[in-house]
Amino acid sequence: MIAVQILFIICVMLLAIPVLVFSIQILVSLLPYRHQAVPSSQRPSIAILIPAHNEQHGITATLDSIKQQLEPQDRVVVIADNCSDATATVARNNGAIAIERSDAVRRGKSYALDFGMRYLENNEPPEVVVIIDADCLLQAGTLTQLANLALDSNRPVQALYLMYSPPSAGLKTKIAEFAWAVKNWARALGYHRLNLPCQLMGTGMAFPWALIQKANLASGHIVEDLKLGLDFAEQGHAPLFCPEAVVTSTFPLNNEGVKSQRTRWEHGHLAMIVKEGPTLLFKSITKLNLGMFALVLDLCVPPLALLTLLVTALAMTAIVLLLVTKALLPWLLGISLLLLLGLAVLLAWTKFGKSILSISHLTYAPIYMLAKIPLYLKFIIKRQVEWVRSKRD
């Protein structure tokens with residue numbers, strides 16, 4: 001029984017770290033927040049890079065939202081990457097520069113971005129590079145906020161990136177929208193209020209040219225944004241969160257598209273935790289790099305559904321062991337973790353989820369979590385390791 005207790009305590013300690021990080025982020029995000037003013041420096045020149053793979057039907061809306069914020073010195077560059085449709089033509093017809101790339105082996109967003117950077121190097125580099133996905137819309141003032149803050153701070157800057165459910169979406173997509181808001185909004189805002197950095201989210205990202213030109217973009221990594229943000233943090237340029245700048249997108253209507261999108265994100269995130277988390281944590285401690293340390297702790301918080309499943313399993317085990325051994329400790333620790341996580345999720349819902357889910361719909365979240373067990377088992381048996389574009393319709 002002593003061996004069981006030791007093993008149980010180890011499990012509690014491993015799960016306590018992500019639960020505490022998550023709970024602190026949520027609690028701090030609930031504090032009153034005053035939006036920051038736009039930095040007063042002169043607006044720098046911007047190049048907007050848009051990696052696009054077969055996006056002819058949706059890219060016009062993206063370009064329209066960008067064009068409204070452009071100034072004469074700015075450029076929009078669409079990288080039509082391995083396209084078999086008219087993405088490049090549509091981009092040119094909407095006033096963008098379109099460059100085409102074809103490579104059947106080196107496929108994915110990171111290679112497309114590297115291709116775009118090589119183009120900018122040879123064509124009057126801008127002061128700031130902003131990366132926007134081809135299915136995103138920008139709220140007013142976003143480009144100015146991102147560019148000025150990136151140049152003033154000499155750090156990457158991440159906009160608030162939200163995803164919405166389409167009008168005909170079911171409850172599963174609504175729950176996914178809430179989980180997305182918790183991850184990209186509540187948790188990032190909590191860190192922001194503690195003057196800590198945030199992860200890069202793949203779109204709505206701004207970089208001073210002097211930083212991004214040296215970055216290793218062509219990594220082929222399945223979650224290239226996470227890796228890039230941690231790389232910058234290791235160099236002492238941890239990304240800043242800018243909630244005043246907002247970029248939005250919509251979950252795919254196609255069920256297969258939703259599934260492939262979630263698989264790519266979550267398998268990539270889990271792979272980063274398993275493969276690179278311990279090493280990065282050790283580096284951040286030995287180098288006394290607070291920004292990197294904070295980002296690694298944030299990285300080690302698994303997807304909310306998985307974290308809840310693990311903590312619930314631990315709590316159920318704790319109850320069984322409590323009944324068998326009659327000893328309150330350490331079994332109550334496992335139960336306490338579940339209560340703390342549940343409270344944090346409920347508090348997040350009160351501020352960030354009420355407009356997405358009713359409280360009655362939130363009670364269906366356990367069913368949603370159980371439905372994701374095959375996705376997590378697949379990570380162990382046959383994880384996704386390649387970048388795949390999600391079908392949107």
Side-chain angles (χ1 to χ4, degrees), residues 9-29 110 149-150 153-159 161 182-202 205-208 210-243 265-304 306-307 310-311 337 340-341 344 379:
I9 291 174
I10 292 173
C11 291
V12 169
M13 293 175 63
L14 288 176
L15 283 177
I17 294 173
V19 171
L20 288 173
V21 171
F22 178 89
S23 300
I24 291 170
Q25 289 173 327
I26 297 302
L27 288 173
V28 177
S29 74
S110 64
L149 184 55
S153 65
N154 194 34
R155 291 167 64 178
V157 178
Q158 173 63 57
Y161 173 32
V182 170
K183 180 179 182 294
N184 280 19
W185 190 2
R187 289 176 53 194
L189 186 60
Y191 255 17
H192 181 61
R193 289 175 175 173
L194 292 170
N195 291 319
L196 295 175
C198 76
Q199 307 288 357
L200 292 178
M201 302 174 189
M205 306 180 295
F207 306 88
L211 290 183
I212 193 65
Q213 68 169 336
K214 301 174 184 177
N216 176 26
L217 294 179
S219 64
H221 205 283
I222 191 172
V223 280
E224 71 289 323
D225 47 349
L226 274 177
K227 177 171 173 49
L228 185 62
L230 287 163
D231 287 346
F232 277 121
E234 186 173 357
Q235 298 162 14
H237 299 282
L240 292 171
F241 184 50
C242 182
W265 288 333
E266 299 199 23
H267 281 196
H269 183 184
L270 293 175
M272 284 282 291
I273 295 174
V274 173
K275 289 184 177 181
E276 304 186 39
T279 301
L280 293 173
L281 187 62
F282 179 77
K283 283 184 178 180
S284 67
I285 294 172
T286 55
K287 294 182 178 181
L288 301 178
N289 187 330
L290 177 61
M292 185 181 178
F293 180 73
L295 282 191
V296 175
L297 287 182
D298 180 79
L299 169 72
C300 290
V301 179
L304 182 56
L306 177 59
L307 179 61
L310 293 174
V311 173
L337 280 184
L340 178 60
L341 180 61
F379 173 77

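Keep in mind that the numbers below use all heavy atoms, side chains included, and drop hydrogens, waters and symmetry copies.
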Taking only residues two or more places apart in sequence or in another chain, which ones pass side-chain contact (heavy atoms from CB on, under 4.5 Å) with Pro208? Ala150, Asn154, Leu211
So which heavy atom on Arg155 is nearest to which on Pro197, and how close? NH2-CB, 4.1 Å
Looking only at heavy atoms, the pair that brings Cys242 and Val157 closest together is CB-CG1, 3.6 Å
Closest heavy-atom pair and its distance - Pro243, Leu189: CG-CD1, 4.2 Å
Under the salt bridge (charged side-chain N to carboxylate O under 4.0 Å, His left out) rule, what pairs show up with a residue in residues 9-25, not counting sequence neighbours? none
Any sub-3.5 Å donor-acceptor pair from Ser29's side-chain atoms to Ile26's backbone N or O? yes
Leu299 backbone acceptor or donor facing His269 side chain under 3.5 Å: yes
Please round to the nearest 0.5 Å and tell me the distance separating atom CE of Met13 and atom CG of Leu337. 11.5 Å
Starting at CG of Leu15, measure out to CG of Leu20 and round the result to the nearest 0.5 Å. 10.5 Å
Measuring from Trp185:CH2 to Phe241:CZ, what's the distance to the nearest 0.5 Å? 9.0 Å
Does anything in residues 191-200 form a salt bridge (charged side-chain N to carboxylate O under 4.0 Å, His left out)? List the pairs, not counting sequence neighbours. none
In Å and rounded to the nearest 0.5 Å, what is the CG to CD distance from Leu230 to Glu276? 8.0 Å
Checking the side chain of Ser284 only, and the main-chain atoms of Leu281 only, is there a donor and an acceptor separated by less than 3.5 Å? yes
Considering all heavy atoms, the nearest Ala159-Met201 contact: O-SD, 4.0 Å
Listed partners of Phe232 passing ring pair (Phe, Tyr, Trp, His ring centres under 6.0 Å), at least two apart: Phe207
Side-chain donor or acceptor of Asp231 paired with backbone N/O of Ala215 under 3.5 Å: no
Please name all residues satisfying side-chain contact (heavy atoms from CB on, under 4.5 Å) with Leu27, sequence neighbours left out, ordered by chain then number. Leu347
Can you name the residues that form a side-chain contact (heavy atoms from CB on, under 4.5 Å) with Leu194, not counting sequence neighbours? Ile24, Val28, Leu196
Please round to the nearest 0.5 Å and tell me the distance separating atom CZ of Phe22 and atom CG of Leu340. 9.5 Å
For Gln235, what residues pass the side-chain hydrogen bond (donor to acceptor under 3.5 Å, both in side chains) criterion, not counting sequence neighbours? none
With sequence neighbours excluded, tell me which residues meet salt bridge (Lys or Arg N to Asp or Glu O under 4.0 Å) with Lys283. Glu234
Show me the side-chain donor-acceptor pairs of residues 291-298 shorter than 3.5 Å, one per line, residues at least two apart or across chains.
from, atom 1, to, atom 2, distance (Å)
Asp298, OD1, Gln25, NE2, 2.8
Asp298, OD1, Arg187, NH2, 2.9
Asp298, OD2, Gln199, NE2, 3.1

Does Pro302 have any side-chain contact (heavy atoms from CB on, under 4.5 Å) partners at least two apart in sequence or in another chain, and if so, which? Pro18, Leu270, Ile273, Leu306, Leu307
